[in-house]
Asker: 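Attaching a single structure in structure tokens format; questions to follow.
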Amino acid sequence: MRETSNLYATQNSQQPKQFRGGEKKVMKKSLTAIVASAMAFSAFASAAFADDQALDSQGKFDALKAAGIFSGYPDGSAGLDKNMTRAEFAKVLALLEGLNTNSSTSTYSDVASNHWAKGYISAVTDAGLMNGLGGGKFGPNGTVTVEQIAKVADIIEKISPDGTAPGTSAWASGYVAAALKAGLIPQMTSYTGAASRSMLVDVAYSIYQGASEEAAKASVTDAKATGVQTVTVNFNKAIDTTKATLTLTKNNSTVATTTKFADDAKSATLTLTDAKITAGDYTVTLGGLDASTVDKGTASFTAENEKVTKIDFVGAGDTIAHASKVLLKVLVSNQYGEAVSNSSLNVIASGATVLNTTKASDGSYLVTVDTSDSQPNIGLVTINILDTNSYVSASKTFKVGTDPIISKIDLGPATYANGKTALSSAGDTVTYDLNVYDQYGGMITYDSSVYSQNEPRFVLNQYEPKITSSFQDNGNNVPQLKISLSDGVDKSGDYTFNVYDQAAVANGTVTVSSANVATKVQIGDIDGVVAAGDTDAYIPIIAYDAQGNQLSADDLTNDTNIQRITFSVTGADNGGLMTSGDHKGSLHLTNINKQANGVIAVSALIGTINANSVDNKTFQVQPVRVPDHFQIATAPTASGVKGSHSSFDINVIDQYGAQLDNALKTDNNGGVGSSVVYSVYLSAKSSDGVSLTSDADSNAKDYSNTTTSFTGDQFGTFNGGLRFTVAPGASNDGTSTFTAKLMKSVNGATPQEISSVSKTFTVASSSTSLTYKLNAISDLFNGIDSGLISNQDPTTNEFANQVTVSAVDAAGNTVALPDQITSIFSSNTNVVKAGVVNNKAYVLGDKVGTATLSVTFKGNDGTQRNATATVNVKSDALTVNSLTVGNTENTIKASSPGNAFSVMDLHVLDNYGHDFESTTAKDLNKLYGVSFTASDVKGDTNAAVSIDSNGNIWISGKVTSFDLTAVSPNGKSVTTAITQVN
């Protein structure tokens, strides 16, 4: 039951009166009781409420009278033409809303204690439904206006004022407009006049019926098969379709269906998804609703197998053409009036030869006969058709006319490929069956001479060269028009066309959608700065299609858009739109102006018949990049035990905060020149077995006790990393100290220091107090037990994890350690296998479980030390956590393109922390399933790239570039741009 809020106020009191909570509860309870009693009406009243559209005002009055809402006059009349008084209105409201009429808290001077409506007037006043006229008077004999009734009806129905209506008082305009939209009151020229009892009856009936329906429980009234794959279900009232579910069962087994509820929510259609209705008993069950709101939740019906009930000749007149192939269309219907899903037809002809019978896409059957042996204008042909399953038959006798001429053509419905609703990209097609009729209404076949000698002509009524057409056989010897899109278009719309064949013409429409074709272009902002002398800069390009959708980098760089968008650049060289790699979709600028404070001007243009877009942007060229300071990317340890090393990175950073790998010579104005030279001076003093070298395991450059100068692109070498190394026989007093200085020399003068950094590394002697710990070991894979790993030696297996030890000195500083583990044991070798080689310890998972590792290692004082740790073995399947490449760009040879793993320098990191580099990743790929694709292949018309399951690349035709992408089964991917194929 609805909660009633303030209803209406007279002109003297237009502000609504708020309800008190207790009154709302009384109203709800009382109305529920009235609704319950209404459901027990006489047969007349129940029938009346069942279909209000069949009732006039008198009928509605009779129904409301039966419900106790209205009562007639003493003479038995309804008085529908009389005006409604305020007292009468109070009674109807009180009864309609189920108010307590025994209340007497509201009194008016003009309502006597024995007035027949006193209880009703008090009730509606207490509830705030009606107000007095002022001065303590109610005006029981006064009239009620239409606009006052509109407001009452709106609030009872919980409808907010909406819009304006002419012919109303200012306060009532929104209420009247809302009531009109809801169909509660009729359209009138004025709403300020008195309302008749007839109008109130209509409004009250609508409100009361809604309350009755709302209170009624939902029921499934019936269900029946209405098609070979459809079931229609009806309800006694509108149901909540956001919650309701319908299930179809047969013999207690669920039948798969889809559900579509009617707009009024009083019925639904179930469509079987993978079966047909067959003989047997079916049940539909309503679910999803609160059980307390459902009365009858099921309905059953008995169905029969599909059967043929009728055979009709479609379209043909009484005469057929004299030809070697005449096509007759036959419709075979089932008991539901549908084209039968399957029929076994036996076709016999006299006076003609039956050539074949096929089923058309619309469910009809096409019978092809040869009438060429019959005499024109004299011969007769009788066609007899029998469905051998049902023995339903049809027969028709035709007169044979003259040779066929094309007199009419019709287009069948458009069928877009791949479920689309429009042509939108290159290769999209749409087909239309072309029904070609002769002078007698018979269909002309695709392979008939009259068609082949007069093939139709397609004319597109708007200019769009990318829309092409052809004619073909639809598979049933019926001509078919095929329209194709050779490339994306920049204008969406419906294109009209005509098909001409002799004197016949057919009109059609094809829908074309502009998708992923650039119609608007914008130049983005460079990430960072463009400095004088930079070799490369990349400007993001943003483009939109005709629907306003932003294009992806792939769409932006397809062949269509590459040709549509033109760029002009001053202040740098135009390297074109990048079609691959990390900067795909960005404009590549090369050879940046070498003078500072210059300007790079970029213009992007789309200029076609349907699209015109231009964007211009300038970029300030900043002063050339110069060294500014050092940044310690990875710090070295302060000391190391004999036989250890500590790698670290110190990078040169320019004034813009970027790593500088090439320091150009500059002029005195911030441009590229020769006056100013920048260098890094690296001075190192090492002694007693401690050295400073480049960070390399072999062929490392020794910087000990020398001063080394780095200039130009040698900055990249310096940024490549350094290493402190303690020889096994180093002195306890061994040390190495280095200082790196950024130096600037102007016009050949003595270089001046800009920035410096120093580090000292010492030997942690045998007397240095160290605290050791066994580093945490990540979970292991049960590789041996899974059968995926045959090699059970933890020291050589790729899936083994290394066990390491770390140490800190008394001050908490990390100390570099050599490989020093002498033994390792597993508490359960069925779970974890362990081994040591060259003082390095490894563990390998076998069966699922937990094991404790006992590790023995040599301390800096030469004593043996012990440590323990636990390790878990899990059976989680191997998956790829990430894919990374060492080569974001690369070039290959067409004659020997190589393997994708090595071309990309692909690294695979799995969920157990194993990081496999390209060669190992290739060998283990049977476990990870990484696959490769080639996209954006550029080259000649025969250009093609394929990659087999082992990563081997194969090239055919002339390929110039492509994107090589690695993809894991769980969707991780990474791309290397192959920028040149030699």
Side-chain angles (χ1 to χ4, degrees), residues 516 518 520-544 550-593 600-606 615-622 625 654 656-662 716 882-892 900 903-906 932-939 945 959-967 972-981:
N516 305 326
K520 178 181 178 182
V521 63
Q522 293 178 345
I523 301 170
D525 295 319
I526 293 177
D527 185 15
V529 301
V530 179
D534 281 356
T535 56
D536 302 282
Y538 300 91
I539 304 174
I541 301 301
I542 306 162
Y544 302 87
Q550 183 173 337
L551 271 60
S552 67
D554 288 338
D555 291 330
L556 176 61
T557 56
N558 63 31
D559 290 341
T560 298
N561 290 319
I562 287 289
Q563 296 173 8
R564 289 177 62 81
I565 307 174
T566 58
F567 298 95
S568 60
V569 179
T570 59
D573 289 345
N574 179 0
L577 198 63
M578 294 293 293
T579 59
S580 60
D582 291 341
H583 299 289
K584 188 174 185 176
S586 293
L587 181 64
H588 185 197
L589 304 182
T590 62
N591 298 323
I592 310 301
N593 193 325
I600 298 175
V602 178
S603 177
L605 171 67
I606 298 175
D615 194 25
N616 299 296
K617 185 167 285 191
T618 59
F619 301 90
Q620 186 77 30
V621 178
Q622 302 299 321
R625 299 178 186 275
D654 67 22
Y656 305 115
Q659 180 174 311
L660 184 64
D661 289 329
N662 186 13
S882 68
L883 298 174
T884 56
V885 293
N887 300 323
T888 57
E889 295 183 359
N890 207 346
T891 62
I892 61 175
V903 169
M904 302 176 76
D905 187 16
L906 182 66
F932 299 90
T933 60
S935 59
D936 288 334
V937 178
K938 301 292 190 299
V945 178
V959 175
T960 56
S961 65
F962 62 94
D963 280 350
L964 178 60
T965 300
V967 182
K972 309 294 183 182
S973 65
V974 66
T975 299
T976 294
I978 307 302
T979 58
Q980 186 174 350
V981 180

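Counting begins at 1 with the first residue of the sequence.
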Asker: Using the side-chain contact (heavy atoms from CB on, under 4.5 Å) criterion, which residues pair with Asn662? Sequence neighbours excluded.
Answerer: Leu664, Asp713

Asker: Looking at OG of Ser552 and CG of Asn558, how far apart are the two atoms once the value is rounded to the nearest 0.5 Å?
Answerer: 8.5 Å

Asker: To the nearest 0.5 Å, how far apart are CG in Leu556 and CD1 in Ile562?
Answerer: 7.0 Å

Asker: Given Leu883 and Met904, is the side chain to side chain contact (heavy atoms under 4.5 Å, CB included) satisfied, shown in steps?
Answerer: CA-CA 11 Å; Leu883 298 174; Met904 302 176 76; over 6 Å; no

Asker: Would you mind listing every salt bridge (Lys or Arg N to Asp or Glu O under 4.0 Å) that reaches into residues 553-568, with sequence neighbours excluded?
Answerer: Asp490-Arg564, Asp554-Lys584

Asker: Of all the heavy-atom pairs spanning Ser586 and Pro540, show the shortest one and how long it is.
Answerer: OG-CA, 3.6 Å

Asker: Applying ring pair (Phe, Tyr, Trp, His ring centres under 6.0 Å), can you list everything that pairs with Phe932, at least two apart in sequence or on another chain?
Answerer: Phe901

Asker: Taking the side chain as C-beta and beyond, is there a heavy-atom pair between Val937 and Val959 under 4.5 Å?
Answerer: yes

Asker: Before you tell me yes or no, could you show the steps for Ile541 and Leu587 under side chain to side chain contact (heavy atoms under 4.5 Å, CB included), namely the whole-Å CA-CA distance, both residues' side-chain angles and the distance that decides it to 0.1 Å?
Answerer: CA-CA 7 Å; Ile541 301 301; Leu587 181 64; 4.1 Å; yes

Asker: Do any side-chain atoms of residues 521-528 form donor-acceptor pairs under 3.5 angstrom with protein atoms, and if so which ones, sequence neighbours left out?
Answerer:
unit_1: Asp525; atom_1: OD1; unit_2: Lys617; atom_2: NZ; d: 3.0

Asker: So, do Thr891 and Ile978 sit near enough that their side-chain heavy atoms are less than 4.5 Å apart?
Answerer: no

Asker: Decide yes or no for Leu589 and Asp573: does some side-chain heavy atom of the first lie under 4.5 Å from some side-chain heavy atom of the second?
Answerer: no

Asker: Please report the C-alpha distance between Ile600 and Val569 in whole Å, then the side-chain angles of each, then the deciding distance to 0.1 Å, and finally whether the side chain to side chain contact (heavy atoms under 4.5 Å, CB included) criterion is met.
Answerer: CA-CA 7 Å; Ile600 298 175; Val569 179; 4.1 Å; yes

Asker: Which heavy atom in Leu964 sits nearest to a heavy atom in Ala900, and how many Å separate them?
Answerer: CD2-CB, 4.0 Å

Asker: Going by the rule ring pair (Phe, Tyr, Trp, His ring centres under 6.0 Å), which residues pair with Tyr538 if we only count those two or more places apart in sequence or in a different chain?
Answerer: His583, His588

Asker: side-chain contact (heavy atoms from CB on, under 4.5 Å) with Ser973: which residues, sequence neighbours excluded?
Answerer: Thr965, Val967

Asker: Supply the atom-to-atom distance Thr979 OG1 to Ile892 CD1, rounded to the nearest 0.5 angstrom.
Answerer: 9.5 Å

Asker: Counting C-beta onward and ignoring hydrogens, is there a side-chain heavy-atom pair between Thr557 and Leu577 closer than 4.5 Å?
Answerer: yes

Asker: Rounded to the nearest 0.5 Å, what's the gap from OG1 on Thr566 to CG on Leu605? Could you check?
Answerer: 4.0 Å

Asker: Is there a side-chain hydrogen bond (donor to acceptor under 3.5 Å, both in side chains) between Asp661 and Gln659? Walk through the geometry before answering.
Answerer: CA-CA 6 Å; Asp661 289 329; Gln659 180 174 311; 3.1 Å; yes

Asker: Would you confirm whether Asn887, through its side chain, and Asn890, through its main-chain N or O, come within 3.5 Å as a donor-acceptor pair?
Answerer: no

Asker: Measure the CZ-OG1 distance between Phe962 and Thr975 for me, rounded to the nearest 0.5 Å.
Answerer: 11.5 Å

Asker: Looking only at heavy atoms, which two atoms of Ala537 and Val530 are closest? And how far apart?
Answerer: CB-CG2, 4.1 Å

Asker: As a quick check of understanding, evaluate side chain to side chain contact (heavy atoms under 4.5 Å, CB included) for Thr960 and Val981, giving each step before the final call.
Answerer: CA-CA 5 Å; Thr960 56; Val981 180; 5.9 Å; no

Asker: Strictly by modelled atom types, are Asn561 and Gln563 linked by a side-chain donor-acceptor pair under 3.5 Å?
Answerer: no

Asker: Check whether any side-chain heavy atom of Asp905 sits under 4.5 Å from a side-chain heavy atom of Val885, and report yes or no.
Answerer: no

Asker: Using 0.5 Å steps for rounding, measure from the OG1 atom of Thr976 to the CG atom of Leu906.
Answerer: 8.0 Å

Asker: Report yes if the side chains of Phe567 and Asn574 come closer than 4.5 Å at any heavy-atom pair, otherwise no.
Answerer: yes

Asker: Does any non-hydrogen side-chain atom of Val602 lie less than 4.5 Å from one of Ile539?
Answerer: yes

Asker: So Lys938 and Ser961, do their side chains get closer than 4.5 Å, heavy atoms only?
Answerer: yes

